[in-house]
Amino acid sequence: MSQRCFVALGANLGKPVVTVNAAIAALRELPGVSFVAASSLFRTAPVGLKHQPDFINAVVEMIAVSPAPIFLAQLFAIEERFGRQRSVKNAPRTLDLDLLLYGDQLSDDPRLTLPHPRLHERAFVLAPLAELAPQLTIPGHGCVGDLLLRCADQAVEKLVPQSV
């Protein structure tokens with residue numbers, strides 16, 4: 001059964017704009033997945049470890065047919081292709097892909113928490129998500145648009161696309 005899902009992308013090492021755009025292209029090519037839309041890119045300050053470069057963030061909407069754990073494994077494989085290394089929490093990274101929502105599924109498995117923890121309190125995820133689905137309800141937390149208003153103190157800068 002197909003599921004509407006949302007994936008957050010973030011990068012702050014190397015050339016993060018290039019990386020996020022390339023990762024969006026990689027997501028478009030995943031087998032068993034229909035690509036729906038990608039948000040604009042957003043520049044955001046780091047959360048947690050403050051002394052690192054700003055992040056470039058985006059969200060994509062997709063329709064997936066594989067079970068959520070298999071889809072998550074596909075996301076991890078893309079991260080690995082882009083040189084992702086997992087060290088300390090909130091560390092700088094070449095690419096981070098987070099499965100935010102997978103249909104209306106709920107999971108508190110340590111390997112896969114749905115909806116993604118802290119999604120509802122982070123503007124760097126809510127701003128691009130609101131661009132795609134402002135009326136979407138995050139189970140247990142409320143409407144994306146309303147949640148973003150509660151994060152008004154978190155700076156998020158929408159990037160203007162560069163013409164080639």
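Residue numbers count from 1 along this sequence. Only a predicted model underlies this, so the values are computations on that prediction, with no experimental measurement involved.
Listed for the T94 side chain is a donor-acceptor partner under 3.5 Å among the backbone atoms of F82. E61 places no side-chain N or O within 3.5 Å of a backbone atom of C5 that could act as its donor or acceptor partner. In this structure a side-chain-to-backbone donor-acceptor pair under 3.5 Å is missing from E121 to C151. At distances below 3.5 Å, at least one donor-acceptor pair connects side-chain atoms of D109 with backbone N or O atoms of R111. Although no hydrogens or angles enter the test, the distance criterion places a donor-acceptor pair under 3.5 Å between the side chain of S39 and the main chain of V59. Without hydrogens or angle criteria, D54 side chain to R43 main chain gives no donor-acceptor distance under 3.5 Å.
Note on V60 and F42: separate hydrophobic clusters, where clusters join Ile, Leu, Val, Met, Phe, Trp and Tyr whose side-chain heavy atoms are under 4.5 Å apart, directly or indirectly.
For the residue pair A123 and V156, the shortest heavy atom distance occurs at CB-CG2, 3.5 Å. A pairwise comparison of heavy atoms in P139 and L106 identifies CB-CD2, 3.7 Å as the closest pair. Minimum interatomic distance between L126 and V144 (heavy atoms only, all atoms of both residues): O-CG1, 3.9 Å.
In this model, no donor atom of one side chain and acceptor atom of the other lie less than 3.5 Å apart for E157 and T44.
Tested against I56, the residues L159, V18, T19 include a single side chain to side chain contact (heavy atoms under 4.5 Å, CB included) partner, L159.
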